[in-house]
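Read through the structure below, which is laid out as structure tokens, and then see the notes.
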Amino acid sequence: MGLGTAAFLDDLEASGARLAYLTPSSQFPTCRVMPTDTREAVLKWAERHDAYLLEDDYCRDFRYRERSLPPLASMDRRGRVIYMGTFSKSLSPALRINYLVLPEPLRDRWREAFASSYSPVPWLNQQVLARFMTDGSWDRHLRRVQAKNRRKYETLTRVLRATMGNDVEMLENGTGLHLLVRVRDGRPQDELVRRAAEADVAVYPTKKYWTDPARHVSSTVLVGFSSIAEDDIEPGIRALAAAWFG
């Protein structure tokens, strides 16, 4: 485990928390994957402190170089992991359907607390999705989406290398639906975002995602690719290179 991981575990130990929110399959915005030894360490923390881990596996389906590591929930033997997922990334954000897989004691408490609550998701949407998943359509759809986004990821990384070379550093881990690009000349994020917008290219600042914005990684912007047509990636990156480097 690296120094950053050790510091995280030390902070967790000292926090007095009873619940930790984690995204082990793809941390946002770095897309880093939590290694197995860290997963084992946080499970032991939860057991020692009678705490729970809320595992948000929102981007597990999108890995482009390596197979996914097992989720924390599959490693949990003491009922310490609350597993949460969504269909927003892999199917449609318009559905607004998420799900929880609860340890048995929490499941009983959930049913008692929410027995009379009304679900905001229409029952018909739920039934259609259930049929979509059980008749094999979901697996076929997911394979198509995975293949499409892998092509986009490969195109984006290839064109970034070809057009910007050593002027930028790609901060990516072969997972997720975006990557981070750091410009090596030290220009501030705001200037990079402004110049990109002037070329009709959308990139996004990252400093707002830091707990302490003053410590953010400078000259780094987020470049997404999930909602862009594959054919638009190369001309878009070439326009971005011209806007940044002339």
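Along the sequence shown, the residues carry numbers beginning at 1. If you're wondering where the values come from, they're calculated on a predicted model, not measured in any experiment.
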What do the steps show when you test Val203 against Val181 for side chain to side chain contact (heavy atoms under 4.5 Å, CB included), and what is the final call? CA-CA 10 Å; Val203 299; Val181 175; over 6 Å; no
[Y] side chain reached by [X] side chain, heavy atoms, under 4.5 Å:
X: Asp167; Y: Val183; value: no
X: Val223; Y: Leu180; value: no
X: Leu53; Y: Tyr21; value: no
X: Val42; Y: Leu9; value: yes
X: Leu22; Y: Leu54; value: no
X: Met170; Y: Thr157; value: yes
X: Asp61; Y: Lys89; value: no
X: Met164; Y: Ile237; value: yes

Could you report the tightest heavy-atom contact between Arg39 and Met34, atom names first, then the distance?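 Heavy atoms only, the tightest pair is NE-O, 2.6 Å.
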[X] atom [atom1]: more than 12 heavy-atom contacts under 6.0 Å:
X: Arg32; atom1: CZ; result: no
X: Asp200; atom1: CG; result: no
X: Asp185; atom1: CG; result: yes
X: Arg109; atom1: CZ; result: no
X: Asp139; atom1: CG; result: yes
X: Glu198; atom1: CD; result: yes

Please test Cys31 against Glu172 for side chain to side chain contact (heavy atoms under 4.5 Å, CB included), starting from the C-alpha separation and ending with a verdict. CA-CA 6 Å; Cys31 291; Glu172 54 87 24; 6.0 Å; no
Asn173/Thr175 under side-chain hydrogen bond (donor to acceptor under 3.5 Å, both in side chains): CA gap, chis, key distance, verdict: CA-CA 5 Å; Asn173 294 278; Thr175 185; over 6 Å; no
same_hphob_cluster([X], [Y]) at 4.5 Å side-chain heavy-atom cutoff:
X: Leu240; Y: Val159; result: yes
X: Leu222; Y: Val168; result: no
X: Val121; Y: Leu100; result: no
X: Leu91; Y: Tyr99; result: yes
X: Tyr58; Y: Tyr52; result: no

Distance in Å, [X] [atom1] paired with [Y] [atom2], rounded so as to fall on 0.5 Å steps:
X: Arg158; Y: Thr163; atom1: CZ; atom2: OG1; answer: 10.0 Å
X: Ser25; Y: Asp56; atom1: OG; atom2: CG; answer: 8.0 Å
X: Asp37; Y: Thr5; atom1: CG; atom2: OG1; answer: 7.5 Å
X: Ser137; Y: Leu142; atom1: OG; atom2: CG; answer: 12.5 Å
X: Leu160; Y: Leu156; atom1: CG; atom2: CG; answer: 4.5 Å
X: Phe114; Y: Ser119; atom1: CZ; atom2: OG; answer: 11.5 Å

Distance-only donor-acceptor check, side chains Gln189 and Thr206, under 3.5 Å: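 Their side chains do contain a donor-acceptor pair, which is all the 3.5 Å distance test asks for.
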Short side-chain donor-acceptor distance under 3.5 Å, Arg65 and Tyr153: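 Result is yes, a qualifying pair exists.
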Verify salt bridge (charged side-chain N to carboxylate O under 4.0 Å, His left out) between Lys152 and Glu230, making sure each step is shown before the conclusion. CA-CA 6 Å; Lys152 291 182 180 182; Glu230 186 178 351; over 6 Å; no
Salt-bridged, Arg238 to Glu234, with N to O below 4.0 Å?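 Judged by the 4.0 Å cut-off on N to carboxylate O distance, Arg238 and Glu234 do form a salt bridge.
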Glu104 bridged to Arg107 by N-O distance under 4.0 Å: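 Yes, this pair counts.
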Could you work out, with salt bridge (Lys or Arg N to Asp or Glu O under 4.0 Å) as the rule, every residue matching Arg184, not counting sequence neighbours?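 Checked Arg184 against salt bridge (Lys or Arg N to Asp or Glu O under 4.0 Å); zero matches.
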Where do Phe62 and Ser90 land on the side chain to side chain contact (heavy atoms under 4.5 Å, CB included) test, with the steps shown first? CA-CA 9 Å; Phe62 302 109; Ser90 52; 4.2 Å; yes
Hey, can you pull the donor-acceptor pairs under 3.5 Å for the side chains in residues 69-88, sequence neighbours left out?
from  : atom 1 : to    : atom 2 : distance (Å)
Ser74 : OG     : Pro71 : O      : 2.8
Asp76 : OD1    : Arg78 : N      : 3.1
Asp76 : OD1    : Gly79 : N      : 3.2
Asp76 : OD1    : Arg80 : N      : 3.2
Asp76 : OD2    : Gly79 : N      : 3.3
Asp76 : OD2    : Arg80 : N      : 2.7
Asp76 : OD2    : Val81 : N      : 3.0
Arg77 : NH1    : Ser74 : O      : 2.9
Arg80 : NH1    : Asp50 : OD1    : 2.9
Arg80 : NH1    : Ala51 : O      : 3.2
Arg80 : NH2    : Asp50 : OD1    : 2.7
Tyr83 : OH     : Asp57 : OD2    : 2.6
Thr86 : OG1    : Ser88 : N      : 3.0
Thr86 : OG1    : Ser88 : OG     : 3.1
Thr86 : OG1    : Asn98 : OD1    : 2.7

Proximity of Phe28 and His178 rings by center, below 6.0 Å: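 Between His178 and Phe28, which both carry aromatic rings, the centre distance is below 6.0 Å.
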Apply side chain to side chain contact (heavy atoms under 4.5 Å, CB included) to Tyr64 and Gln146, showing your working. CA-CA 8 Å; Tyr64 312 117; Gln146 289 169 332; over 6 Å; no
